[in-house]
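Beneath this line is the structure, given in structure tokens, with notes to follow.
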Number of protein chains: 2
Amino acid sequence: EAPRVSGIAFSRNEAKITVPGVPDRPGIAHAILGPISAAHINVDVIIQNVSEAGKTDFTFTVERSDFAKAMDIVRDIAQGLGADAVQGDEHIVKVSVVGVGMRSHAGIAATMFASLAQENINIQMISTSEIKISVVVDEKYLELAVRTLHTAFALHGEAAL
Amino acid sequence: EAPRVSGIAFSRNEAKITVPGVPDRPGIAHAILGPISAAHINVDVIIQNVSEAGKTDFTFTVERSDFAKAMDIVRDIAQGLGADAVQGDEHIVKVSVVGVGMRSHAGIAATMFASLAQENINIQMISTSEIKISVVVDEKYLELAVRTLHTAFALHGEAAL
Ligand SMILES: C[C@@H](O)[C@H](N)C(=O)O
Ligand SMILES: C[C@@H](O)[C@H](N)C(=O)O
């Protein structure tokens, strides 16, 4: 069955924080997220990919108003973990293709990635769920990305930008 | 409001494929997923974290029955992209904490990661959505992870393993 895309969603209120080069052993993910949770900081996306040579990068997004506080908390932790210097970026947005019946992401992802590539919009992060595929891109591409995806999936009407 | 966890979900029918060291420029994500979609291979999770020195790792999961076919397709592409050797692993499972009202993942993630760490279960990948937090772990930890998370979130009754 052809998955149907029902809309394009986006969030400007995102800032990403990356702890690069964390050791890939049990307890590390908790060491990073525990203090963030204890500080009542809302976390949206959490991304960790496979490790290489026993290290991996741990990235999460917070609301922009929590960015400075979260960076402070994570800088202390990173040192204790022997990670590399914490990286942060407030100038990002999350853009998502929302679907129904997305039994598989492959077709929708291929269309989404192709249309962003045609506009030379670089994808910084990718995360999927049952009902959507989200990418993080530079905030300067928000309108272009949303318009391009509306066209790519033949969606009419306007998202309120 | 305290996010409520409604259950623990898992999927054994997963195999992960990683293309390490892909160039971080527009068009690359499509170059990898396009041929996979064209081959009608179902894709579940797609994870890409931030790049370092212009390269990043691109990982996705497929059904185990598609693993060999997907690996063949991706090996050809990886060479063309100048990526490192493709890595694959069929011996993984995806375990997810499913919640309602998860305005923020931080608290649930902290509990989830802490309980897996206490059992010395290493987290290979992390991916989140509005309603759940998913981790990829070695398949040998499936039962232990599900039981541990049931206890951690005080869920009673049994998931059908
Ligand atoms: C990197 C981090 O996820 C580690 N593997 C852990 O289990 O906590
Ligand atoms: C790595 C890959 O995501 C690349 N940044 C792209 O936009 O396709």
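So you know, we letter chains A, B, ... as the sequences are listed, proteins then strands, and number each from 1.
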Heavy-atom pair count under 4.5 Å with chain A, highest-scoring of [options]:
{"options": "B:L116, B:V135, B:I123, B:I41", "result": "B:I123"}
{"options": "B:A29, B:S129, B:A117", "result": "B:A29"}
{"options": "B:P26, B:A110, B:S37", "result": "B:P26"}
{"options": "B:N49, B:I131, B:T56, B:I133", "result": "B:N49"}
{"options": "B:L33, B:T128, B:I32", "result": "B:T128"}

Taking the side chain as every heavy atom from C-beta outward, state whether [X] and [Y] have any atom pair closer than 4.5 Å.
{"X": "A:D57", "Y": "A:Q48", "result": "no"}
{"X": "B:V137", "Y": "B:N122", "result": "no"}
{"X": "A:R64", "Y": "A:E14", "result": "no"}

Given heavy-atom pairs under 4.5 angstrom as the criterion, report whether the side chain, backbone, both or neither of [X] touches chain A.
{"X": "B:F58", "result": "both"}
{"X": "B:I46", "result": "both"}
{"X": "B:S127", "result": "both"}
{"X": "B:E119", "result": "neither"}
{"X": "B:I28", "result": "neither"}

Discussion item. I'd like to know if A:K55 and A:D24 make a salt bridge, using a cut-off of under 4.0 Å between side-chain N and carboxylate O.
Written reply: no
Worksheet item: Is the shortest distance from a Lys or Arg side-chain nitrogen in A:K69 or A:D72 to a carboxylate oxygen in the other one below 4.0 Å?
Response: no
Practice prompt. Check each atom of A:T18 against the heavy atoms of chain B and say whether the ones under 4.5 Å are side chain, backbone, both or neither.
Written response: side chain
Practice prompt. Begin with the C-alpha distance, continue with both residues' side-chain angles, and end with the deciding distance and a verdict on side chain to side chain donor-acceptor pair (under 3.5 Å) for B:S134 and B:S96.
Written response: CA-CA 4 Å; B:S134 299; B:S96 308; 2.7 Å; yes
Worksheet, complete the sentence: What one should report as the nearest heavy-atom pair of A:V93 and A:D138 is CG2-O, 4.1 Å
Response to the item:
Closest non-hydrogen atoms of A:P20 and A:V86, given as atom of the first, atom of the second and distance, are CD-CA, 4.2 Å
Fill in: Residue, of A:I121, A:V136, A:I36, that accumulates the most heavy atom pairs under 4.5 Å with chain B
A:I121
